[in-house]
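Convention: sequence-line order gives letters A, B, ...; per-chain numbering from 1. Reckoned from all heavy atoms, side chains included, excluding hydrogens, waters and symmetry mates.
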2 protein chains.
Amino acid sequence: MYGRHWWHGHLRRRGYRVTVPRETIIQVLSDADKHLSVEEIFNEVLKLHPGVGLTTVYRTVELLRNMGFVKKYEFGDGLSRYELEKGSKKPHHHHLVCTRCGKIIDYTDFVDEEVVLLRKVENRLTKKYKFDIKNHQIHFYGICDECK
Amino acid sequence: MYGRHWWHGHLRRRGYRVTVPRETIIQVLSDADKHLSVEEIFNEVLKLHPGVGLTTVYRTVELLRNMGFVKKYEFGDGLSRYELEKGSKKPHHHHLVCTRCGKIIDYTDFVDEEVVLLRKVENRLTKKYKFDIKNHQIHFYGICDECK
DNA sequence: CTCCTTATTGACAATAATTTTCAATAATAA
DNA sequence: TTATTATTGAAAATTATTGTCAATAAGGAG
């Protein structure tokens, strides 16, 4: 979890200004222990700084994504979810999605093995398709314990 | 690629009626060689049977998904895409998504190795989280050849 | 510290995908 | 053939996201 300075530096270095909404949104994402929807981020931000607009949350989250600091997920319920990629509390993980109730479990079990394989695949895909691969996602879909 | 009878049986067995829109949509999905957005399906359906409504495409595609015959993908551009899971021309594959232009490449290279590993992981996750896993997705995100 | 430039913001309007509503239609069982 | 009722199409409603634009405030220059 990186501090204010770190973020300040990265923003400024790219010519972006450091603003209260941006700092607040980064803080909310840093404190979160899971991927948040825009509305969830917005609600948390309001607790810290009422007055920040929803539009700004959309814009900031997209900015952070373009900067490569935030990952965007879509699990199929129509909401986009965001999560810090760098400076996050959470280690790298993959997802288990319940297609009935929408529950999402982040699992870290076996991720190491997965990642080893994925890197190999990644290298080969990079060559074959001349794709510059930045990251990956694995989702398992199914029915959770409570839903069955 | 399964025929009319097969689909007819599956629909009827679950108490659903076999209708012209449903048959047409299934046919479009069967003939497709890639995942289609609802609008793409709709356009193809119209060529075969003008008069079918967009709403019906949404409903049918969702029905097929609940029945487990169709996979839904979201690649991050705000559109849902659908693809036959059973009875499709296409073999099992995973995806390479360009985050700049949105291009999606389906790759089948190395999928066998991936699937072997995923099955192992799947079994263990099933035990640990008591999740009934139905399927999985792997997405690699990056920049495609033309975009860099 | 103060002024100036301009990136950023918030409120609101606009868009776009999807869902809901509901009367009309058509698939199946009797 | 008729009755039942799932399904449909059209239009309205909803919901997430994006665009517009005047007001604000961050940060460099003086």
Side-chain angles (χ1 to χ4, degrees), chain A residues 4-5 7-28 35-67 70 72-82 99 102, chain B residues 4-5 7-26 28 35-43 45-67 70 72-82 99 102:
Chain A
R4 282 212 174 62
H5 289 78
W7 286 106
H8 194 292
H10 271 281
L11 286 167
R12 301 267 47 234
R13 204 165 307 132
R14 306 195 192 198
Y16 297 119
R17 293 181 181 176
V18 176
T19 66
V20 170
R22 281 176 184 166
E23 285 196 311
T24 313
I25 290 163
I26 288 170
Q27 188 187 331
V28 166
H35 30 70
L36 300 176
S37 67
V38 169
E39 192 152 345
E40 287 170 330
I41 298 170
F42 180 56
N43 289 331
E44 289 306 309
V45 167
L46 284 190
K47 290 182 193 165
L48 301 171
H49 279 94
V52 171
L54 178 60
T55 312
T56 300
V57 176
Y58 274 102
R59 280 189 290 228
T60 302
V61 123
E62 192 54 25
L63 177 77
L64 292 171
R65 197 172 75 88
N66 287 333
M67 289 173 64
V70 155
K72 176 181 183 177
Y73 291 111
E74 298 193 345
F75 294 113
D77 65 350
L79 290 189
S80 296
R81 285 158 211 280
Y82 298 88
T99 52
Chain B
R4 284 214 172 61
H5 288 79
W7 287 105
H8 194 291
H10 271 281
L11 285 167
R12 300 266 50 229
R13 205 165 306 133
R14 305 195 193 198
Y16 296 120
R17 293 181 181 176
V18 176
T19 67
V20 170
R22 281 176 182 165
E23 285 195 311
T24 313
I25 289 162
I26 288 170
V28 166
H35 31 70
L36 300 175
S37 67
V38 170
E39 191 153 343
E40 288 170 330
I41 297 170
F42 180 55
N43 289 333
V45 167
L46 284 189
K47 291 181 193 166
L48 301 171
H49 278 93
V52 171
L54 178 60
T55 311
T56 299
V57 177
Y58 274 102
R59 280 188 291 229
T60 302
V61 125
E62 191 54 25
L63 176 77
L64 292 171
R65 197 173 74 88
N66 287 334
M67 290 174 65
V70 156
K72 177 182 182 176
Y73 292 111
E74 297 193 345
F75 294 113
D77 65 349
L79 290 188
S80 297
R81 285 157 211 281
Y82 298 87
T99 53

Sequence neighbours excluded, the answer for side chain to side chain donor-acceptor pair (under 3.5 Å) partners of B/Ser80 is B/Glu74
Sorted by chain and number, sequence neighbours left out, side chain to side chain donor-acceptor pair (under 3.5 Å) with B/Asn66 holds for none
Correct closest heavy-atom pair for B/Leu46 and B/Val52 would be CD2-O, 3.6 Å
Closest non-hydrogen contact found for A/Phe42 with A/Leu54 is CE1-N, 3.3 Å
By ring pair (Phe, Tyr, Trp, His ring centres under 6.0 Å), A/Tyr73 pairs with (sequence neighbours left out) A/His35, A/Phe75, A/His95
Could you pull out every donor-acceptor pair under 3.5 Å between side chains of residues 10-21 of chain A and any protein atom, sequence neighbours left out?
from    : atom 1 : to      : atom 2 : distance (Å)
A/Arg12 : NE     : A/Tyr16 : O      : 3.1
A/Thr19 : OG1    : A/Arg22 : N      : 3.2

So CH2 of A/Trp7 and CD of A/Gln27: to nearest 0.5 Å the spacing works out to 12.5 Å
Whether each nucleotide of nucleotides 23-30 of chain D has a protein heavy atom under 4.0 Å at its base (B), only at its sugar-phosphate (S) or at neither (-) is summarised, 5' to 3', as --BBSS--
Per-helix bend value, the helix from C/dC1-D/dG30 to C/dA30-D/dT1, C1' rotation axes over five pairs per end, 10° rounding, shows 40°
Here the salt bridge (Lys or Arg N to Asp or Glu O under 4.0 Å) pairs for residues 39-52 of chain A, sequence neighbours left out, are A/Lys34-A/Glu40, A/Glu44-A/Lys47
Between CG of A/Asp77 and P of C/dT18 the distance, given in whole Å, is 13 Å
Atom pairs and distances, side-chain donor-acceptor, residues 55-62 of chain B, under 3.5 Å, sequence neighbours left out:
from    : atom 1 : to      : atom 2 : distance (Å)
B/Thr60 : OG1    : B/Thr56 : O      : 2.8
B/Glu62 : OE1    : B/Arg65 : NE     : 3.4
B/Glu62 : OE2    : B/Arg65 : NE     : 3.4
B/Glu62 : OE2    : B/Arg65 : NH2    : 3.0

note: B/Arg14, atom CZ; D/dT7, atom P; distance rounded to Å ~ 13 Å
The contact string for nucleotides 12-21 of chain D, one letter per nucleotide 5' to 3', using protein heavy atoms under 4.0 Å with B, S and - for base, sugar-phosphate only and none, comes out as ----SBBBB-
### Message
Does D/dT8 have OP1 or OP2 under 4.0 Å away from a side-chain N or O of B/Thr56?
### Response
no
Within residues 41-52 of chain A, the residues having a heavy atom closer than 4.0 Å to DNA chain C are A/Gly51, A/Val52
Applying side chain to side chain donor-acceptor pair (under 3.5 Å) to B/His8 and not counting sequence neighbours gives none
